[in-house]
Every structure is written in C-alpha cells, then in structure tokens.
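A quick write-up on the structure given underneath.
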Amino acid sequence: MKTETKTPRVLVPRVDILESTAGLRLVADLPGTTDNDVELHLEKSALVLQARAPALGDAIWRRSFVLPRELDPESVKAHLADGVLTIDLPRKQEAQPRRIPVTFTG
Amino acid sequence: MFLAPYVSVPRPWSAWADLDKEFDRVFEGLSGTDTPTGWEVHETPEAWAFTVLVPGLNADQIRIDATLDTLSLSGRRAVPVTEGYKVIRQERGDLHFARTFQFPGPIDADHVQAELKSGVLRVTVPKRSAPQPRLIKVQTPTA
C-alpha cells in the first residue's frame with residue numbers, strides 16, 4: 001500500500017493594515033482557527049503569522065510582514081473573534097509623536 | 001421526470017491552490033488575494049454538506065432558506081471604520097455573498113442544520129428519499 005506524506009495546504013489570509021499615532025493594527029481573516037491555533041513569531045525584522053485551521057482539513061494560514069523599526073515587538077497584543085485576528089503593534093515610546101514644550105527666551 | 005445534473009457546485013478549494021505561491025509575501029509589493037469566501041460542497045448518500053468561510057460574521061448576519069429542492073445562503077459583513085486609524089492597506093473589505101443551490105432531487109427542508117464556528121459555516125442538507133415505485137396488484141373481484 002502506498003503511504004502518502006500529506007503536506008498541509010498553506011492559505012494566505014486577507015489582511016487590513018491600519019495606522020494610528022499609537023502604532024499599527026493588522027486585521028486578518030483566519031476562518032477555522034481558535035486562540036490555541038494562532039502563532040506569532042518575530043524573525044529578524046519580520047512578523048510571521050501562522051495559524052492552524054483544524055476546521056479546514058488542517059490547512060495553515062500563513063503570512064509574514066516586514067515591521068517598521070519604530071514598532072515595539074515586545075508589546076504586541078492580539079485578539080481573535082469569529083475567525084478574525086486583530087494584532088496591535090505599538091510604536092516604541094521614543095517613536096511616538098510628542099508635544100515638545102517650547103520655552104522662549106529673550 | 002428528467003433530473004438535471006447537479007451543476008451548481010461552486011468554487012472548490014482547489015481554486016485556492018494558487019495562493020500557495022504567495023506564501024512568503026511581505027508588506028511591499030502585495031497584490032490582491034483571491035476571494036474571501038471559500039466554498040466547499042460534499043455529497044454523501046444521505047446528505048449534502050456545505051462549508052463556507054465567513055470570517056467576522058455572526059449568526060444574525062447569515063440567512064439560509066430551504067425549499068423542496070433548493071438552498072439559498074446569503075450574508076453580509078461590513079468592516080467598521082476604526083476611529084483614530086488611517087487605512088494603509090485594505091484587502092478584507094466588506095463581504096457579501098448570496099447563492100442559491102438547485103439540487104437534483106428533493107431535500108428534507110425541515111431538517112437542514114447549520115452551525116457557525118470561528119468564521120466557518122457548515123450546513124447539512126439531508127436528502128429526501130424519492131418514493132419507491134410499488135407494484136400494484138390487480139384485484140379481480142369475485143362475485
């Protein structure tokens with residue numbers, strides 16, 4: 001009997017990218033995944049999003065993003081609801097726009 | 001009665017295979033991805049089984065209607081505008097689908113089951129067995 005090694009199908013999720021003064025927000029459609037299926041990795045300057053989808057014949061959603069330097073990878077927050085993942089990537093403190101108090105002299 | 005073959009099987013998963021090529025795309029140079037709504041239909045001797053990808057939709061945003069031999073599925077998702085955010089890239093957008101399936105035989109519309117979980121909708125449509133032809137015995141009244 002022939003044995004087959006089954007490689008999981010890789011699907012590319014659709015993603016919206018939003019920006020605010022606080023940082024970037026990525027919103028990805030990941031139907032078929034739950035919290036335990038989602039992994040976020042940092043590889044050099046890239047954020048790799050990977051999620052198993054047991055509900056879709058064990059397909060894998062996967063996509064990577066090059067992160068701008070001013071983002072703080074240590075404080076990434078993610079939230080998954082109804083198969084939609086929201087990732088918040090805050091800017092580093094020093095990169096956030098600030099109001100500089102100006103003192104005039106003379 | 002002539003039964004039309006079941007021709008309305010929609011976009012199969014295989015259409016997604018092309019997406020594999022885009023495996024390692026990064027921020028720059030992204031092109032638009034394929035349809036946000038994947039469909040799959042399976043037939044068993046007892047039922048038709050539909051799988052539809054509907055990320056971001058809740059049960060109230062999906063409508064399913066069944067008749068003697070059709071099933072209609074429709075839904076709508078509006079991506080909300082997030083206050084204080086500027087859109088850099090938009091691939092998801094609003095999602096709207098509406099499709100009617102014509103089955104080659106009668107279905108059991110009273111026992112259609114639908115389940116929504118993590119953005120995946122599964123609908124099971126039991127078939128109704130056609131009445132079997134019966135042999136009618138001819139009576140010869142004796143009187």
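Letters A, B, ... are given to chains in the order of the sequence lines, protein chains preceding strands, and every chain is numbered from 1.
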**Study point:** Inter-residue atom distance A/Thr21.OG1 - B/Tyr85.OH, 0.5 Å rounding
**Key:** 8.5 Å

Point to revise | Spacing of B/Arg77 atom CZ and A/Asp29 atom CG [to the nearest 0.5 Å] | key: 4.5 Å

With a 3.5 Å cut-off and sequence neighbours excluded, list the donor-acceptor pairs that the side chains of residues 77-90 of chain A form with protein atoms.
residue	atom	partner	partner atom	Å
A/Asp88	OD1	A/Arg25	NE	2.8
A/Asp88	OD2	A/Arg25	NH2	3.1

Exercise for review: State, yes or no, whether a side-chain contact exists between B/Arg92 and A/Val27 at a heavy-atom distance under 4.5 Å.
Suggested key: yes

**Study point:** Min side-chain heavy-atom separation B/Gln90-A/Val15 under 4.5 Å
**Key:** no

Exercise for review: Could you tell me which of A/Leu30, A/Thr33, A/Leu47 has the largest number of non-hydrogen atom pairs under 4.5 Å with chain B?
Suggested key: A/Thr33

Review point. Can you pull the side chain to side chain donor-acceptor pair (under 3.5 Å) pairs that have at least one residue in residues 38-52 of chain A, sequence neighbours excluded?
Key: A/Asp37-A/Arg52, A/Glu39-A/His41, A/Gln50-A/Arg62

Practice item. Determine, stepwise, if the pair A/Val12 / B/Glu91 fulfils side chain to side chain contact (heavy atoms under 4.5 Å, CB included). Key: CA-CA 11 Å; A/Val12 179; B/Glu91 296 171 0; over 6 Å; no

Practice item. Using a cut-off of 6.0 Å, state whether more than 12 heavy atoms not belonging to B/Glu43 lie near its atom CD. Key: yes

Exercise for review: Kindly check if the number of other-residue, nucleotide or ligand heavy atoms within 6.0 Å of CG (A/Leu42) is above 12?
Suggested key: yes

Are [Y] and [X] connected into the same hydrophobic cluster when the rule is that any two of I, L, V, M, F, W, Y join if their side-chain heavy atoms are below 4.5 Å apart?
{"X": "A/Leu40", "Y": "A/Ile60", "answer": "no"}
{"X": "A/Leu18", "Y": "A/Leu67", "answer": "no"}
{"X": "A/Leu71", "Y": "B/Ile88", "answer": "yes"}

Exercise for review: Could you give me the CA-CA distance, side-chain angles and deciding distance for A/Leu56 and B/Leu53, then say whether side chain to side chain contact (heavy atoms under 4.5 Å, CB included) is met?
Suggested key: CA-CA 9 Å; A/Leu56 303 179; B/Leu53 304 189; 3.5 Å; yes

Check your understanding: Apart from B/Val138 itself, what residues make up its hydrophobic cluster when side-chain heavy atoms of I, L, V, M, F, W and Y under 4.5 Å apart count as a link, directly or indirectly?
Key -> none

Review point. If you check every heavy atom in residues 115-125 of chain B against those of chain A, which residues fall under 4.5 Å?
Key: B/Ser118, B/Gly119, B/Val120, B/Arg122

